Amino acid sequence: MTGFLPRDSGDVQFKSQSIAGLGPDRIYGWHRTHLQLARIFPRLTALENMLVPVARGSARLLSHGQWGHEKARALQMLEFMDISRVAGTLGGALSYGQRKLLELAAVMMAQPELVLLDEPAGGSTRCCSSGSRTHPAAQWAGVTFLLVEHNMSFVMNLCHEVIVLHQGRVIAQGKPREVRENPAVLDAYLGA
């Protein structure tokens, strides 16, 4: 699997370093979710899914007695996402919304600096709906969330900074209120 590639020209940078074409295993500090179609391990429990991102160092964790800490952190994350009641349920038996929440929670176990979200509000009323429980930017200090989303009310209620693209060009950038009132945005997306 390759990393990100510019469509026609340009570069993709993370932390001032080009990551264009690099595979995900070569880029440390960022994670992406596939929230349109959650990708979890269906034969693992929700709790086991949560531990996969930290399992890479499992031998070290076990030898230092820290596995219990990671399990407790996973349970706290499941509680934060309001799905702790399904901790022992196989991933394949979870509802669509629960799978989306589980994938985002599992990504956060890796303690990323950057999380890319592809249409997190799409197809689920629970995942990333309004409410402090599902406002990750407000809850996870130091993590930057970059999302692509067409649900404008979701974007305006969640994001601190909004960039609007239309036909591959930036037509507006700024605080949600500024963008919401921008004539180009109104014309292109909000049907004013």
Side-chain angles (χ1 to χ4, degrees), residues 1-6 11-41 44-62 64 66-84 86-87 91 94 97-122 124 126-129 131-149 151 154-155 157-163:
M1 179 177 187
T2 59
F4 295 97
L5 294 172
D11 194 16
V12 179
Q13 293 193 2
F14 177 61
K15 297 172 76 171
S16 301
Q17 299 288 322
S18 177
I19 61 170
L22 295 180
D25 59 321
R26 306 247 340 259
I27 307 168
Y28 180 79
W30 72 274
H31 291 270
R32 66 179 174 169
T33 65
H34 304 88
L35 292 177
Q36 287 179 328
L37 178 62
R39 294 184 182 175
I40 59 166
F41 296 98
L44 297 180
T45 66
L47 179 58
E48 290 166 340
N49 268 276
M50 293 292 293
L51 297 173
V52 168
V54 294
R56 187 175 206 184
S58 61
R60 180 183 53 81
L61 289 170
L62 289 169
H64 290 90
Q66 295 180 11
W67 195 248
H69 169 74
E70 295 300 334
K71 185 176 177 181
R73 197 164 67 85
L75 289 169
Q76 287 176 335
M77 188 69 67
L78 289 171
E79 178 68 30
F80 175 75
M81 300 300 282
D82 198 25
I83 56 171
S84 60
V86 300
L94 299 177
Q98 290 169 333
R99 289 178 190 198
K100 289 174 73 170
L101 290 167
L102 176 60
E103 183 182 18
L104 178 56
V107 161
M108 295 309 297
M109 286 296 293
Q111 299 176 313
E113 296 174 56
L114 173 65
V115 177
L116 308 177
L117 299 168
D118 184 17
E119 297 192 33
S124 176
R126 286 191 62 226
C127 182
C128 304
S129 61
S132 61
R133 184 179 300 266
T134 51
H135 279 55
Q139 297 296 326
W140 296 316
V143 180
T144 298
F145 291 83
L146 174 65
L147 61 103
V148 174
E149 181 58 62
N151 181 328
F154 172 79
V155 170
N157 288 325
L158 178 67
C159 298
H160 300 285
E161 180 83 12
V162 178
I163 300 172

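Remember, predicted model here, so these are calculated numbers, not experimental data. Note that these values count all heavy atoms, side chains included, but never hydrogens, waters or copies made by symmetry.
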**Q.** Residues which pass side-chain contact (heavy atoms from CB on, under 4.5 Å) with Ala106, listed by chain and number, not counting sequence neighbours
**A.**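 Only Met50, Pro53 meet the side-chain contact (heavy atoms from CB on, under 4.5 Å) criterion with Ala106.
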
Q) Any side-chain heavy atom of Met108 sitting closer than 4.5 Å to one from Val143? A) yes

Q | Minimum side-chain heavy-atom gap Ile83-Leu94 below 4.5 Å | A | no

Out of curiosity, [X] [atom1] to [Y] [atom2], how far, rounded to the nearest 0.5 Å?
X      : Y      : atom1 : atom2 : result
Met109 : Gln111 : CE    : CD    : 8.0 Å
Leu51  : Phe41  : CG    : CZ    : 12.0 Å
Leu116 : Phe14  : CG    : CZ    : 8.5 Å
Glu113 : Lys15  : CD    : NZ    : 3.5 Å
Phe154 : Glu119 : CZ    : CD    : 10.5 Å
Leu102 : Leu78  : CG    : CG    : 6.5 Å

Q) Quick one: do the Gln13 and Asp11 side chains pair a donor with an acceptor below 3.5 Å? A) yes

Q: Would you mind checking if Glu103 and Lys100 are paired as a salt bridge, meaning a charged N to carboxylate O distance below 4.0 Å?
A: no

Q: Please report the closest heavy-atom contact between Pro120 and Val148, naming both atoms and the distance.
A: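 Result for this residue pair: CD-O, 3.8 Å.
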
Q: Kindly write out the residues that satisfy side-chain hydrogen bond (donor to acceptor under 3.5 Å, both in side chains) with Gln76, not counting sequence neighbours, or none if the list is empty.
A: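 Gln76 satisfies side-chain hydrogen bond (donor to acceptor under 3.5 Å, both in side chains) with no other residue.
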
